[in-house]
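Scroll down for the structure; my scribbles are underneath it.
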Protein chains: 2
Amino acid sequence: MSANSRLTIAAHALAWIGLYQRQGHEVATSEQIATSANTNPVVIRRLLGELRRAGLVGSRRGVGAGWSLARELTSITLLDVYEAVEPGPLFAMHRATPDQECVIGYGIQPAMQGIYESIEETLRRELARVTLEDVLRDVLAAPR
Amino acid sequence: MSANSRLTIAAHALAWIGLYQRQGHEVATSEQIATSANTNPVVIRRLLGELRRAGLVGSRRGVGAGWSLARELTSITLLDVYEAVEPGPLFAMHRATPDQECVIGYGIQPAMQGIYESIEETLRRELARVTLEDVLRDVLAAPR
DNA sequence: TCTGATCGCAACTTTTATTGTTACGACTGA
DNA sequence: TCAGTCGTAACAATAAAAGTTGCGATCAGA
């Protein structure tokens with residue numbers, strides 16, 4: 001399926017900023033985060049831009065520019081991040097409209113939509129149960 | 001996210017075969033199913049091939065060739081279909097290995113993997129609660 | 001034995017989304 | 001003014017899914 005790592009990278013960035021701030025720094029740069037995540041700074045800026053739109057982080061420009069958390073890690077859940085960075089639904093419908101003359105073709109989309117909605121709702125509940133604080137704790141618990 | 005319709009198309013195909021058999025026909029052709037789903041027969045054959053490997057359908061060749069259910073719709077769940085046609089995990093890790101010298105880069109993958117596993121387990125449980133019989137019922141319930 | 005319909009499968013193209021890269025203007029404290 | 005970084009557009013590269021073409025294999029029935 002999705003082979004899409006946006007949620008992973010966004011969580012990585014938030015955990016990184018959170019830890020960095022706990023070490024006494026005010027802001028983190030996209031350059032630093034990109035190095036840790038082994039990707040390009042622009043990719044990080046794009047993702048953090050979406051998180052800013054969702055009110056999870058803030059950014060400063062000019063000298064001493066960089067990113068900081070707008071909320072405590074304890075109050076940010078994976079659902080917040082997921083909704084900020086994931087555009088579409090989990091499962092897609094047919095690319096082309098199915099044959100409306102066919103009973104199945106006619107009824108399949110409303111049927112699957114209803115089923116998918118309730119499944120996604122469950123997924124959301126699960127994502128909402130994990131905070132970024134949990135993530136950071138798990139990250140730091142990794143044995144060296 | 002995934003914009004991947006494999007589960008939808010596979011469910012469509014199974015419901016189609018199921019209904020067609022209830023109408024007294026022995027086998028359904030990939031051509032017929034493709035017409036209903038508005039896609040190419042080869043796409044259907046590929047998907048059904050995966051469902052056959054999972055023991056959900058069977059196929060006959062030669063004259064009177066086509067596809068038939070290997071199990072009742074009541075005994076096939078969306079989880080069976082999902083596992084048959086979806087290759088990878090729901091959420092992907094970093095494309096390139098994160099910086100192992102960094103505390104976050106080092107611990108992020110095991111941490112996220114653990115979190116994702118439990119979330120996917122919940123997703124599986126939800127998918128297992130819906131049978132293809134449920135899907136067909138919902139499809140036929142669509143108002144004309 | 002021949003035939004027609006369909007599967008099985010490989011190879012290739014097209015489409016779409018994500019990710020990566022380059023470039024450059026905007027911003028701001030020193 | 002300057003150095004450092006964000007903001008963002010534009011484009012290239014990568015990857016996965018979906019679509020297409022072609023052809024050999026299969027087999028009931030003529």
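By convention in this document, chain letters (A, B, ...) are assigned in the order of the sequence lines, proteins followed by strands, and residues within each chain are numbered from 1. Fair warning: this is a prediction, and the values are worked out from it, not measured in the lab.
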Greater than 12 external heavy atoms within 6.0 Å of B:Q23's CD
yes
Regarding A:E101 and A:Y106, is there a side-chain donor-to-acceptor distance under 3.5 Å anywhere?
no
Of A:I9 and B:W67, the one whose closest DNA chain C nucleotide lies more 5':
B:W67
The answer to which of A:G66 and B:V42 contacts DNA chain D further toward the 5' end, by nearest nucleotide, is A:G66
Classify B:R60 by what it touches in the nucleic acid, base, sugar-phosphate, or nothing, heavy-atom distance under 4.0 Å.
sugar-phosphate
Considering only distance and modelled atom types, tabulate donor-acceptor pairs under 3.5 Å from the side chains of residues 39-51 of chain A, sequence neighbours left out.
from, atom 1, to, atom 2, distance (Å)
A:N40, OD1, A:V42, N, 2.9
A:R45, NH1, A:S30, OG, 3.2
A:E50, OE2, A:R6, NH2, 3.2

Distance-only criterion, 3.5 Å: show the donor-acceptor pairs between side-chain atoms of residues 8-15 of chain A and protein atoms not counting sequence neighbours.
from, atom 1, to, atom 2, distance (Å)
A:T8, OG1, B:A92, O, 2.6
A:T8, OG1, B:Y116, OH, 2.9
A:H12, ND1, B:H94, NE2, 2.8
A:H12, NE2, A:S36, OG, 2.8

Quick check: on DNA chain C, is the nucleotide nearest B:E31 upstream (toward 5') of the one nearest A:R95, or the reverse? Name the residue that is more 5'.
B:E31
State whether A:R6 places a side-chain N or O below 4.0 Å from either non-bridging phosphate oxygen (OP1 or OP2) of C:dT19.
yes
Quick note, B:A65 side chain, CB onward, closest among D:dG22, D:dG19, C:dC7 is C:dC7
A:T39 vs C:dG20: side-chain N/O to OP1/OP2 distance below 4.0 Å:
yes
Does the side chain of A:S5 get closer than 4.0 angstrom to OP1 or OP2 of C:dT19 through an N or O atom?
yes
Nucleotide N/O to protein N/O under 3.5 Å, stretch nucleotides 23-26 of chain D:
from, atom 1, to, atom 2, distance (Å)
D:dG24, N2, B:R61, NH2, 3.3
D:dA25, N3, B:R61, NH2, 3.4
D:dT26, O2, B:G62, N, 3.0

Does B:S59 place a side-chain N or O at less than 4.0 Å from the phosphate oxygens OP1/OP2 of C:dG8?
yes
Is any side-chain N or O of A:T29 closer than 4.0 Å to OP1 or OP2 of D:dT5?
no
A:R46 CZ - C:dA17 C1' separation (whole Å)
12 Å
How far apart are the C-alpha atoms of A:R129 and A:T77, what are their side-chain angles, what is the distance that settles it, and do they pass the side-chain hydrogen bond (donor to acceptor under 3.5 Å, both in side chains) test?
CA-CA 7 Å; A:R129 291 178 51 187; A:T77 71; over 6 Å; no
Do B:R95 and A:S5 have side-chain atoms, one donor and one acceptor, less than 3.5 Å apart?
no
